[in-house]
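Report on the following structure.
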Amino acid sequence: MTARGFAPHPAVRWLIGLAIIVLFAIPIVSMAEYTLRDATTGGHSLVHWIELFDPAKAGTYRPIWTGLGNSVVLAVVTVAIVLLLAPTMVLVELRFPKLKRPFEFLALLPISIPAIVLVVGLAPIYLAIGRTIGTGIWPLAFAYGVTVLPFAYRAIQAAIDATELRVLAEAARSLGASWPAVLLRVLAPNLRPGLLAASLISVAVVLGEFTIASLLNRQNLQTALVVVGKQDPYASVILSLLALAFAFVLLVAIGRIGGGAPRARRSSRPPKDQP
Amino acid sequence: MTDTAIATADNAILAGARTGSAVAFEGVVKDYGRTRVLHGLDLAIQPGEFVSLLGPSGCGKTTALRVLAGLERANGGTVRIGGADVSAVPTNRRDLGMVFQAYSLFPHLDVTANTAFGLRMRKIAKREAAERVRDALALVGLTGFGERFPHQLSGGQQQRVALARALVTEPRVLLLDEPLSALDAKVRVTLRDEIRRIQLRLGITTVFVTHDQEEALAVSDRIAVMNAGRIDQIGTPEELYLRPATAHVAEFVGLSSVLPCTVDGGVAEVLGIRLPIVGESADGSAEAFVRPENVRLGGPIDAVVLESTFLGSVRRTVLRTAGGQLLRMQHAVGERVEFDERVTLGIEPAPVAVRPREG
């Protein structure tokens with residue numbers, strides 16, 4: 001049977017698509033509707049959205065802004081950690097190819113460990129970290145670096161597999177490039193789609209993670225939303241919506257980057273051969 | 001591009017070019033795990049010489065080149081460039097130019113930036129670099145292609161840019177690792193001849209790895225025929241073709257029919273015809289390598305035609321003698337023979353290579 005034989009009828013495809021859209025839309029639309037409810041009139045208005053910036057309620061919302069700030073710091077540090085993964089992977093690919101399988105296994109391992117189990121191990125470590133370098137928010141990025149590892153690894157590995165890493169590195173070496181120059185001037189630009197995707201996925205994970213931050217008593221956007229939600233459920237739903245929208249924009253961006261800037265990508269079929 | 005333009009571009013590069021450096025392999029040994037791929041390789045290459053490493057795949061020719069480039073570390077022996085031991089010098093400080101089998105242009109850089117890469121690594125001033133890039137692209141016939149990206153070029157053009165990129169830094173040695181094998185036949189011949197033309201003009205020492213004997217014969221000053229990690233013979237194309245040192249060389253370089261013979265006082269008797277032999281050989285039973293162009297129609301040998309192939313300028317025919325030996329003949333297109341036709345053959349009195357009969 002041909003592959004075409006398995007393809008569903010266009011109508012069925014539309015139906016499946018529609019069902020999925022409805023499935024995702026119902027909670028999101030409900031959240032949006034909820035934030036627009038006006039208890040005083042019984043109708044709908046933007047009153048809760050405007051209240052978010054009301055100086056009188058600033059005290060109530062303060063944890064959210066602190067949490068947002070902390071989440072941004074976490075995102076930046078996590079991305080920095082993830083970007084260190086790339087040179088390591090290049091090194092494994094070029095110099096220690098035998099380590100590739102064990103390295104992959106190690107990098108993908110966190111995906112199979114639930115966050116709650118991870119926390120059990122992380123708690124004593126963070127107790128020690130708290131005593132030595134303080135209870136600031138940024139060391140939490142180490143834990144996030146671990147949770148993000150599998151996603152970042154896959155994104156970067158896909159870019160490595162799509163690039164003739166060895167040939168490019170050897171060509172650059174033969175032309176007089178030092179290893180740092182090979183990495184920065186030749187490999188990084190060609191792995192750019194993978195590096196960007198890994199970074200954006202990291203940001204998405206940092207903005208969605210709750211368990212580790214909550215159980216280690218750190219305040220990020222998600223834990224702050226829960227705290228504020230107890231006093232003002234409208235504000236937390238509004239911010240959840242905004243966080244969702246941001247994550248959505250990030251994923252669209254990743255998709256675009258994956259599609260690739262054509263000039264940076266190698267054509268799989270060069271034009272007809274001429275001398 | 002006009003000849004004048006080529007000459008101007010060449011002269012511009014020649015003005016800054018150094019004479020090529022001598023290259024020497026001295027007892028170079030290379031192991032991959034437990035497999036030894038180079039068994040004490042010895043090879044001395046003169047400055048400005050074009051030497052091909054020729055052999056079947058897995059014979060160690062590419063490994064030898066990679067050891068010379070510093071991309072592989074030898075397990076023993078010495079590699080010298082310009083007389084100095086470079087065994088411990090990393091690739092980027094060996095001052096080499098290399099063209100690879102796979103397309104190795106940097107996909108994110110245009111042709112100009114690709115060509116300028118080596119100059120940028122050497123911190124050459126922008127203006128000078130721009131001039132040298134322009135000259136190098138003119139040299140390979142790609143003036144006006146500077147702003148294209150690799151994916152907008154054909155395979156042949158990509159390898160030309162790779163050549164320009166390797167030459168623009170005026171390296172001491174040019175290494176070519178089967179640069180033509182991914183190209184189609186016609187482009188391969190054109191580019192091959194062009195590489196030789198450029199090499200002769202620049203006088204750059206060149207090591208060319210190939211498994212294509214025709215390619216090696218056409219462009220080399222000398223050819224080193226390799227077999228299982230050793231050099232079987234090194235010599236000019238004529239020497240290898242006319243006086244192969246081993247059976248492997250005779251079989252690998254050019255076409256031959258291997259025929260039983262008896263050697264007596266420097267003369268071999270092949271199918272009843274007495275032929276002078278190349279080199280020395282002990283009297284007795286042996287095998288002779290008879291080139292197809294030395295076999296002609298008409299003579300004392302009875303044979304039957306097995307197949308005849310039209311090759312454009314010549315015709316090549318495989319025959320079986322009455323004694324059951326297979327014989328290849330190359331002859332004029334006008335001399336048509338049919339399948340199963342009975343013919344008589346002669347052998348021109350050209351010297352033949354012989355080897356003692358095995359067993």
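Letters A, B, ... are given to chains in the order of the sequence lines, protein chains preceding strands, and every chain is numbered from 1.
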Original post:
How far apart are the C-alpha atoms of Val186(A) and Phe117(B), what are their side-chain angles, what is the distance that settles it, and do they pass the side chain to side chain contact (heavy atoms under 4.5 Å, CB included) test?
Top reply: CA-CA 10 Å; Val186(A) 177; Phe117(B) 188 85; 3.5 Å; yes

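- Contact of the Pro107(B) side chain with the Leu168(A) side chain is registered, since non-hydrogen atoms from C-beta on lie closer than 4.5 Å.
- Here Asn190(A) contributes atom CG and His108(B) contributes atom NE2; the two are 5.5 Å apart, rounded to the nearest 0.5 Å.
- Distance OG/Ser178(A) to CE/Met121(B): 7.0 Å, rounded to 0.5 Å.
- In this structure, chain A has heavy atoms under 4.5 Å from both the backbone and the side chain of Arg165(B).
- Atom CZ of Phe248(A) sits in a sparse spot, with 12 or fewer heavy atoms from other residues, nucleotides or ligands closer than 6.0 Å.
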Please tabulate, for side-chain N and O atoms in residues 91-103 of chain A, each donor-acceptor pair with protein atoms closer than 3.5 Å (sequence neighbours left out).
residue, atom, partner, partner atom, Å
Arg101(A), NH1, Glu104(A), OE1, 2.4

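- Side-chain contact check for Arg173(A) versus Pro90(B): some heavy-atom pair is nearer than 4.5 Å.
- Between the OG1 atom of Thr163(A) and the CZ atom of Phe106(B) there is a distance of 13.0 Å, given to the nearest 0.5 Å.
- Put simply, of Met98(B), Arg120(B), Gln159(B), Glu194(B), the one with the most heavy-atom pairs under 4.5 Å next to chain A is Arg120(B).
- Here the side chains of Val167(A) and Ser104(B) are in contact, with some heavy-atom distance below 4.5 Å.
- The parts of Ala171(A) that come within reach of chain B are both its backbone and its side chain, each placing non-hydrogen atoms under 4.5 angstrom from that chain.
- If you measure heavy-atom distances from Arg122(B) to chain A, the contacts under 4.5 Å come from the side chain alone.
- Residue Arg185(A) holds its CZ atom at 10.0 Å from CG of Leu109(B), rounded to the nearest 0.5 Å.
- Rounding to the nearest 0.5 angstrom, the gap separating the CG atom in Leu71(B) from the CZ atom in Arg166(A) is 9.5 Å.
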